[in-house]
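Along the sequence shown, residues are numbered consecutively beginning with 1. Predicted, not measured: the structure shown is a model, and the values here were computed from it.
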Amino acid sequence: MRERISVCFVCLGNICRSPTAEGVFRERVDEAGLSDRIHIDSAGTGAYHAGEPADPRSRAEARRRGVELRSISRQFQPSDFQRFDYILAMDEANLRNLRRLPGAEAYGGTLALLRAFDSTAPPDASVPDPYYGGPGGFAEVYDQCVRASAGLLDRIRSDRGL
């Protein structure tokens with residue numbers, strides 16, 4: 001049986017940035033014919049919106065681009081360190097929150113900022129939270145997720161020989 005690779009995208013509430021990253025990356029993985037090899041999920045470091053679908057503005061931007069965001073918000077759990085090979089935070093605050101969780105110190109996978117895989121991004125670049133802004137912020141987040149997803153898929157293919 002072939003190895004299954006798992007990826008989790010993480011932001012604060014799991015309703016804007018991380019569901020967008022999950023949906024965009026799922027689309028890229030499907031296009032590459034690797035959906036049977038790569039499991040994709042998202043979570044929030046907070047439980048503010050647990051059980052809710054993605055923000056309607058995130059869903060609208062994704063739908064405008066031909067992608068459906070179907071995730072339901074959940075909080076990242078320490079046990080997720082054992083479930084995921086790649087855990088990608090949207091910003092430094094959420095990366096710090098992840099590093100403080102039990103199990104983080106023993107995690108052997110990739111724990112990084114998503115935009116570290118975006119060749120056009122400056123070092124330590126974040127995906128900005130569009131929640132309190134206008135529709136342009138959701139488009140910007142989508143575009144950043146597209147660029148980072150391409151680099152992430154290239155990295156996974158290189159790391160795992162796909």
Side-chain angles (χ1 to χ4, degrees), residues 1-45 49-55 58-59 61-91 94-95 97-99 101-121 123-127 138 140-162:
M1 178 167 221
R2 297 186 305 184
E3 172 190 23
R4 188 147 190 197
I5 300 149
S6 54
V7 178
C8 186
F9 299 98
V10 183
C11 67
L12 181 60
N14 192 213
I15 60 167
C16 296
R17 297 172 289 170
S18 57
T20 298
E22 176 187 352
V24 167
F25 191 63
R26 186 179 312 282
E27 184 79 7
R28 298 305 162 258
V29 166
D30 288 348
E31 289 171 356
L34 295 170
S35 56
D36 64 330
R37 300 285 309 275
I38 302 175
H39 169 73
I40 306 160
D41 196 4
S42 64
T45 56
H49 301 282
E52 296 177 18
D55 185 286
S58 291
R59 292 194 322 255
E61 182 61 34
R63 193 174 308 112
R64 187 176 76 75
R65 314 262 193 126
V67 173
E68 289 296 322
L69 303 185
R70 294 187 173 95
S71 64
I72 299 298
S73 178
R74 70 176 188 87
Q75 186 173 20
F76 188 91
Q77 300 298 312
S79 60
D80 287 332
F81 286 115
Q82 298 168 12
R83 296 179 48 221
F84 292 98
D85 303 301
Y86 298 83
I87 299 171
L88 304 164
M90 299 299 120
D91 59 35
N94 285 292
L95 186 58
N97 289 340
L98 288 167
R99 288 181 173 146
L101 291 173
E105 67 284 344
Y107 179 62
T110 299
L111 178 59
L113 292 171
L114 175 61
R115 291 198 64 203
F117 299 94
D118 176 353
S119 63
T120 69
D124 300 321
S126 293
V127 177
F138 291 88
E140 178 185 6
V141 164
Y142 192 94
D143 291 339
Q144 289 172 351
C145 289
V146 166
R147 290 189 302 272
S149 288
L152 175 59
L153 187 55
D154 288 346
R155 170 72 172 274
I156 291 172
R157 284 178 152 158
S158 173
D159 287 353
R160 305 300 175 118
L162 299 180

Undergrad: Could you walk me through whether Ile156 and Phe25 pass side chain to side chain contact (heavy atoms under 4.5 Å, CB included), step by step?
TA: CA-CA 12 Å; Ile156 291 172; Phe25 191 63; 3.8 Å; yes
Undergrad: Measure the CZ-CG distance between Arg4 and Asp85 for me, rounded to the nearest 0.5 Å.
TA: 11.0 Å
Undergrad: Are the side chain of Arg28 and the backbone of Ala150 linked by a donor-acceptor contact shorter than 3.5 Å?
TA: no
Undergrad: Donor-acceptor check, side chain of Ser73 to backbone of Gly13, threshold 3.5 angstrom: yes or no?
TA: yes
Undergrad: Is it true that atom CZ of Arg160 has more than 12 heavy atoms of other residues, nucleotides or ligands lying nearer than 6.0 Å?
TA: yes
Undergrad: Over all heavy atoms of both residues, which pair between Ala104 and Leu98 is shortest? Give the atoms and the distance, please.
TA: CB-O, 3.4 Å
Undergrad: Taking side-chain contact (heavy atoms from CB on, under 4.5 Å) as the criterion, tell me which of Val7, Thr110, Ile40, Asp41 meets it with Phe84.
TA: Asp41
Undergrad: Nearest 0.5 Å please: distance from the CD1 atom of Ile87 over to the CG atom of Asp80.
TA: 6.5 Å
Undergrad: Would you mind reporting whether Leu34 and Leu153 have side-chain heavy atoms less than 4.5 Å apart?
TA: yes
Undergrad: Which atoms form the tightest heavy-atom contact between Ser35 and Asp30, and what is the distance?
TA: CB-OD1, 3.0 Å
Undergrad: Find the distance between CZ (Arg17) and OG (Ser126) and round it off to the nearest 0.5 Å.
TA: 7.5 Å
Undergrad: Evaluate the side-chain proximity of Pro53 to Ile72: yes if any heavy-atom separation is below 4.5 Å, no if none is.
TA: yes
Undergrad: Please answer whether the main-chain N or O of Cys16 pairs with a side-chain N or O of Thr20 as donor and acceptor at a distance below 3.5 Å.
TA: yes
Undergrad: If I take atom OG from residue Ser149 and atom CZ from residue Arg26, how far apart are they, to the nearest 0.5 angstrom?
TA: 11.5 Å
Undergrad: Does the side chain of Thr120 come under 3.5 Å of the side chain of Arg147 through a donor N or O and an acceptor N or O?
TA: yes
Undergrad: What distance separates Ile5 CD1 from Asp159 CG, expressed to the nearest 0.5 Å?
TA: 8.5 Å
Undergrad: Where is the tightest heavy-atom contact between Ser42 and Ser18, given as atom of each residue plus distance?
TA: CB-O, 3.6 Å
Undergrad: Side-chain contact test, heavy atoms from C-beta onward, threshold under 4.5 Å: evaluate it for Phe9 versus Leu152 and give yes or no.
TA: yes
Undergrad: Kindly indicate, with the supporting measurements, whether the criterion side chain to side chain contact (heavy atoms under 4.5 Å, CB included) is fulfilled by Leu69 and Glu22.
TA: CA-CA 8 Å; Leu69 303 185; Glu22 176 187 352; over 6 Å; no
Undergrad: Within the side chain of Gln75, is there an N or O that forms a donor-acceptor pair under 3.5 Å with the backbone of Gly44?
TA: no
Undergrad: If you take the centroid of each ring, where Trp contributes its six-membered ring, are Phe76 and Phe81 closer together than 6.0 Å?
TA: yes
Undergrad: Just one of Val24, Asp118, Val67 clears the side-chain contact (heavy atoms from CB on, under 4.5 Å) bar with Cys145, so which one?
TA: Val24
Undergrad: To the nearest 0.5 Å, what is the distance between CG (Asn14) and CZ (Arg74)?
TA: 7.5 Å
Undergrad: Donor-acceptor pair, distance only, cut-off 3.5 Å: does the side chain of Ser6 make one with the backbone of Arg83?
TA: yes
